[in-house]
Amino acid sequence: MTIATTASPELEPAARSRNYLNQTRGLRSWLITLDHKRIGILYMVAILGAFFLGGVFAVLLRTELISPGPTLIKDPVRAWDFYNHMFTLHGAVMTFMFIIPAIPAILGNFVLPIMLGAKDVAFPRLNLLSFYLYAFGGVFFVWVLLSGVIESAFGIKLYGGGGLDTGWTFYTPYSTSTSSAVVPAVLGAFILGFSSILTGLNFIASMHMLRPKGMTWFRMPLFLWALYGTSAIQILATPVLAITLLLLVAERTLGVGIFDPALGGDPVLFQHFFWFYSHPAVYIMILPAMGIISEVVSVFSRKHIFGYSFIAMSSIAIALLGFLVWGHHMFTSGQSPVANAIFSLLTFTVSIPSAIKVFNWLATMHGGSIQLKTPMLYAIGFIMLFSIGGLTGLFLGSLATDIHVHDTYFVVAHFHYVMMGSTLFAFLAGMHYWWPKIFGKMYNEYLGRLAALVVFVGFNLTFMVQFIAGAHGMPRRYANYLDEFTIYHQISTIGSYVMAAGLVMVAINWLDSLVRGRPAPENPWGGNTLEWQTTSPPPTENFARTPTADDPYALHKWRYDASIEGYVKVAE
């Protein structure tokens, strides 16, 4: 057995110095690029900007709730209006502009074609169109929502704004009667939805058309399986939300009487339509996260993934079952006891494929040579947060306990553990895992691990006490509360400050690496998926010649070389 000198010996030194970042220069070359990697970077800038905005308003929300009564604005009427606009902006921006698109649009766009050994996605022009739909819809959406916050806080009216105070769910009957800008906000969400549909369509076509020689369906990396399941949900479920929102617009503008009881409509019908999309949307958020964890856990345990087929099929099972459980959001809406029992039973079935994934990740780690690098710390954090979120979801899936904690902070905590915490930790795991490949620079490992610890402590400090507050009856979406809940809100607010500090450390580390980071080797972690078999950062065409795929988790083919601080392939 010998060791090859590099992972991709076919590239000459001159070719190695050229990459997708420096192949062409100038703003125009970025704005009209068809390169999936550059489009991924454009998404990265836009989505991290949205995450920053949503995060700032999360901290403002927690500051408002640090004590009973008005805090940031002393006039109660203005303060409550300000709160309603703030929590709508936070929820809507985080959901539609960060959690749903973050992993597929940034990491999926960058990694998917390289994992397939392809030069690009199946439809590069459609990919660029998806980005511009996201950018245009996002700017319009934020303008509408932010203007409401500014108006309620400072009394300044912005042209074309109006704000939204319905929460991110647009629940009727309030959304059919409020004076805030529901129709423009709906238009923004509608455009964002089209971006999501086109991205999903492109990914599915890419996986069907561009897989290289040797990559059968069951030799495809698990991150791609996760993106496949996600894309199927995006294509099938997102149009339902689009139609629902169009019906809401028709209700407000034409008075057609779909959701308004005064016109013969039914407001609960809106919830059925909305959650038929939005519950599968939970899996649009969590499935790509699970795909990242499968990659990271295997590589940093130096062990072949345990139960590959079960993990791949569980992604599809979660995608299918996700369509059948929307009714568990409406146990208290007055639907029939039989429907409640059926939706409760179906909800418990989703825990089976989810538990399969957790079991297989733990089994992969068992007996492995675990390296507690930054991506692995976030992956372990994900498993812990997802387990807490999943187990507390059983309380909400059970009819008796759901009625007790319905619309309390227990739901807020569960929601954030599953959707925000799990997705955020997986996103950070993936960003740190592929950062050397994306930019060709290594980040500070010590600062990365320290930030992971601070974010983990901050997150649990913020949301763990909300389970207790909710169990004691603290209702959600309230701007004011009884004195007995003060201690829970104070701990939660301090936790949000700690988490924000950790995220600032992450940002500093990434920016510092771009300036002072050492050049990244081609394969710093020893993965066997195809993206680690090209240069860091990759050339525009990704590979000098189409690689031949084999088992993506055959990690024994790579050995660590201290001279390059990375892994090199063992010649067989």
Tell me, yes or no, whether the heavy-atom count around Phe323 atom CZ, taken from other residues, nucleotides or ligands under 6.0 Å, exceeds 12.
-> yes
State yes or no: are the ring centers of Phe300 and Trp525 separated by less than 6.0 Å?
-> yes
Validation: residues 89-101 side-chain donor-acceptor distances under 3.5 Å, sequence neighbours left out:
{"unit_1": "His90", "atom_1": "ND1", "unit_2": "Gly54", "atom_2": "O", "d": "3.0"}
{"unit_1": "Thr95", "atom_1": "OG1", "unit_2": "Gly91", "atom_2": "O", "d": "2.7"}

Please, which pairs that meet salt bridge (Lys or Arg N to Asp or Glu O under 4.0 Å) have at least one residue in residues 430-445, sequence neighbours excluded?
-> Glu445-Arg449
How are the rings of Tyr560 and Tyr567 set to each other: parallel, tilted or perpendicular (split at 30° and 60°)?
-> perpendicular
Step through it carefully: locate the ring centre of Phe439, locate the ring centre of Trp434, and say whether they are under 6.0 Å apart.
-> no
So, for Tyr378 and Phe382, is the gap between ring centers shorter than 6.0 Å?
-> no
Roughly how far apart are Ser298 OG and Tyr308 OH, rounded to 0.5 Å?
-> 11.5 Å
For the side chain of Asn202 and the backbone of Ala205, is there at least one donor-acceptor N/O pair under 3.5 Å apart?
-> no
Could you give the distance from CH2 (Trp532) to CD (Glu522), rounded to the nearest 0.5 Å?
-> 11.0 Å
With ring centroids as reference points, do Tyr228 and Trp217 lie under 6.0 angstrom apart?
-> yes
Rounded to the nearest 0.5 angstrom, the CG-CD distance for Leu201 and Gln234 is 10.0 Å
Assess whether salt bridge (Lys or Arg N to Asp or Glu O under 4.0 Å) is satisfied between Lys557 and Asp551, documenting all intermediate values.
-> CA-CA 10 Å; Lys557 296 184 176 181; Asp551 183 346; over 6 Å; no
Locate the shortest heavy-atom distance separating Val121 from Pro113; write the atom from each residue and the value.
-> CG1-CG, 3.6 Å
Step through it carefully: locate the ring centre of Tyr20, locate the ring centre of Phe110, and say whether they are under 6.0 Å apart.
-> yes
For Phe218, does the CZ atom sit with more than 12 other heavy atoms under 6.0 Å from it, leaving out its own atoms?
-> yes
Between side-chain atoms of residues 43-52 and protein atoms elsewhere (two or more places apart, or another chain), which donor-acceptor pairs fall under 3.5 Å?
{"unit_1": "Tyr43", "atom_1": "OH", "unit_2": "Ser130", "atom_2": "O", "d": "3.2"}
{"unit_1": "Tyr43", "atom_1": "OH", "unit_2": "Phe131", "atom_2": "N", "d": "3.1"}

